[in-house]
Number of protein chains: 2
Amino acid sequence: MPQDDRATEPTTTELIAVIVAVTAREPRILTVDGHSLPAGAFLSGYRSLQASLRGWVEKQTRHTLGYIEQLYTFADHGRTGNDRRTISISYLGLTREAEAARGASWQGWYRYFPWEDHRAEPRQAAAMEQALRAWADAGGSAAIRGQRRSRAAYTFGLEGHGWNEDLVLHRYELLYEAGLVEESPEFCGAITLGTAMRHDHRRILATGIARLRAKIKYRPVVFELMPPEFTLLALQQCVEALAGRRLHKPNFRRLIAQAELVEETGGSEAETGGRPARLYRFRRDVLLERAFGGTKLPVARSR
Amino acid sequence: MPQDDRATEPTTTELIAVIVAVTAREPRILTVDGHSLPAGAFLSGYRSLQASLRGWVEKQTRHTLGYIEQLYTFADHGRTGNDRRTISISYLGLTREAEAARGASWQGWYRYFPWEDHRAEPRQAAAMEQALRAWADAGGSAAIRGQRRSRAAYTFGLEGHGWNEDLVLHRYELLYEAGLVEESPEFCGAITLGTAMRHDHRRILATGIARLRAKIKYRPVVFELMPPEFTLLALQQCVEALAGRRLHKPNFRRLIAQAELVEETGGSEAETGGRPARLYRFRRDVLLERAFGGTKLPVARSR
DNA sequence: GGCCCTAATACTCTAACAGAGCATAAGGGG
DNA sequence: CCCCTTATGCTCTGTTAGAGTATTAGGGCC
């Protein structure tokens, strides 16, 4: 469509994957050589990109990829440091963890986003808030300073605004603008917030986390990350790990129960440290019954 | 990433745009030669794809594009009838209608999706429901017939399920599978549901409509489609046009009021047919204050 | 001028649900 | 046998979406 005077440009196209598993209450992602997301040219022979991705990941992880969804297509010039424009079509995939193939490894995602884990008080919270304040105060005019302050307060849940776990990408972008992450051209080095990743992979991961956190609230995708049988506490802890916040136990159980997403297996788990817990399995048939939409797993706030 | 045995494939990449305006209570989209969405190779000289798209559309429509968002990247093989794989990165853009440039024209989107307009009883409702039932009954096994029935009922709000306006894409895909739209390889021609579009453009449009319907509920994007000053009824009718359903007037007003998204201009509109209505304008500053997220414009259900 | 029609604007009622707390049950270990 | 831990079940409350009703202010018509 842009029949413009400018020339069209040579491009490279690749797929890039955010593969998530949850192990021992920690969300983990598949990385390759150092801190890169797995990426590569995509292949003919597959009808769709999803099929291509699925085939590849299943080979790598020996688990079937329960869920795949396209995230975003990144194409800004200069994002790979290359002179050509690189178009990266990113996907989110959910599995359970298996031994990673040679060259690949699983990493907890909070090492890249320590400020996103609000299950306990985040580590560098005070230092980060101070750095954000400093950034706001460095604005050129009173109007800009005010905007920066309220944006930071809103995005990071300061000044009584309440933490919103879905704003992962907005927070990363604010930190990028403020020069508080290594990838930023204005990075000042005053504090180091999390581990940097190659190119803009941390932004892509932020996109994936944001999408997943939003998704678990209205689609029953968590179950793709769970073993076939699980206790309700294990399910809750999986959701808590993803959302980065604690949930109210009685409400969580009530909501799961009334959504009719799970059924008892009859078995129970004794290693709880207290009363044994009943085991449940996901009712796969709900995916057919209520095909798409509406099947919400409501993430009650609080605690 | 897919370091597979299969070869990588030559591809073509293009941008494709769903440009929406609302005029006289009808959502309209910009089309080019017949029923195609505007598309084309993208250009160097712009840092981002969004910038490229914005520049082009503003030239075409003489209105600034108030809002742009990436929709989805379509890349399935065979989608353009071509032998090469075509990657189309689609965008949603919101404007107000101006005279279209040569070759382009504005079309009401419900001509492509008549079943999506539930502001009044949709035209071919009975015929479509019958065709869906026939498709369900043609399933190979009892299990498949049951699944098809419940999926159709859920997706189209039959059998007491309640209409969900967000399921635009799911409905289109179901009709495609059922061979009830012209683009489908199994199209039987028994009934004609809406006007077909080139290639898979109708699917792309469905993606855009679905996204926009979901978006207006939690981000104040409707205002990009409104003139600078408007009455609350005009605003409500714009939302109704997009959502394809009637809203409850008192609730709509209450919600707008408590969201503090608009302010009175002091003027009033006399041509209402009744009591004159106050004029309002969008408070642009809320976009800065509550930068991103959370600013919901709650679309109250019903009548 | 008064009546009526229309639409704008304002207020009230109710059911559902999220958020939060408390009470009881059922294991293991000292 | 008591105590600690976690599982499980139930209750209370404030908020809000959904729905209905009442009043106000114009224009047109007799």
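Computation of the quantities below employed the complete heavy-atom set of this structure, encompassing side-chain atoms and omitting hydrogens, waters and symmetry-equivalent molecules. Chain letters run A, B, ... following the sequence lines, proteins first, then strands; residues in each count from 1.
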| With no hydrogens and no angle check, is any side-chain donor or acceptor of B:Trp106 less than 3.5 Å from a backbone partner on B:Ala98? | yes
Rounded distance (Å) that lies between atom [atom2] of [N] and atom [atom1] of [X]:
{"X": "A:Leu255", "N": "D:dT8", "atom1": "CG", "atom2": "C1'", "value": "15 Å"}
{"X": "B:Leu235", "N": "C:dT9", "atom1": "CG", "atom2": "P", "value": "12 Å"}
{"X": "A:Arg246", "N": "C:dG19", "atom1": "CZ", "atom2": "C1'", "value": "16 Å"}
{"X": "B:Asn251", "N": "C:dC11", "atom1": "CG", "atom2": "C1'", "value": "12 Å"}
{"X": "A:Phe230", "N": "D:dA7", "atom1": "CZ", "atom2": "P", "value": "14 Å"}
{"X": "B:Leu233", "N": "C:dT6", "atom1": "CG", "atom2": "P", "value": "15 Å"}
{"X": "B:His248", "N": "D:dG20", "atom1": "NE2", "atom2": "P", "value": "6 Å"}
{"X": "A:Gln236", "N": "D:dT6", "atom1": "CD", "atom2": "P", "value": "13 Å"}

| said: Pick the closest DNA chain D nucleotide for B:Gln258 and for B:Pro250 by heavy atoms, then say which residue is nearer the 5' end. | reply: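 Closest to the 5' end, via its nearest nucleotide, is B:Gln258.
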| task | For B:Arg275 and for B:Ala270, find the nucleotide of DNA chain D with the closest heavy atom, then tell me which residue's nucleotide is more 5'. | result |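 Closest to the 5' end, via its nearest nucleotide, is B:Arg275.
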| Quick one: on DNA chain C, does A:Gly274 or A:Arg254 contact a more 5' nucleotide (nearest heavy atom)? |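 Between the two, 5'-proximity favours A:Arg254.
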| task | Would you classify A:Leu232 as touching base, sugar-phosphate or nothing, given that sugar-phosphate means primed atoms plus P, OP1 and OP2, and contacts are heavy atoms under 4.0 Å? | result | nothing
| Is the shortest side-chain N to carboxylate O distance from B:Glu264 to B:Arg281 below 4.0 Å? | no
| Is it true that B:Glu116 and B:Arg245 have a side-chain N and a carboxylate O under 4.0 angstrom from each other? |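 No.
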| message | Looking at A:Trp163, I'd like to know if the NZ or CZ of A:Arg171 sits under 6.0 Å from its six-membered ring centre while staying within 45 degrees of the ring's axis. | response | yes
| said: Measuring to OP1 and OP2 of C:dA7, would you say a side-chain N or O of B:Lys249 lies under 4.0 angstrom away? | reply: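 Looking at the OP1 and OP2 atoms of C:dA7, neither is under 4.0 Å from any side-chain N or O of B:Lys249.
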| request: Ignoring backbone atoms, establish whether A:Arg278 has a side-chain N or O less than 4.0 Å from OP1 or OP2 of D:dG9. | output: yes
| Under 3.5 Å, is there a donor-acceptor pair linking the side chains of B:Glu224 and B:Tyr67? |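 The criterion, which ignores hydrogens and geometry beyond distance, is not satisfied for B:Tyr67 and B:Glu224.
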| said: With hydrogens left out and only the distance checked, is there a donor-acceptor pair under 3.5 Å joining A:Arg253's side chain and the base of D:dT8? | reply: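 No, the side chain and the base share no sub-3.5 Å donor-acceptor pair.
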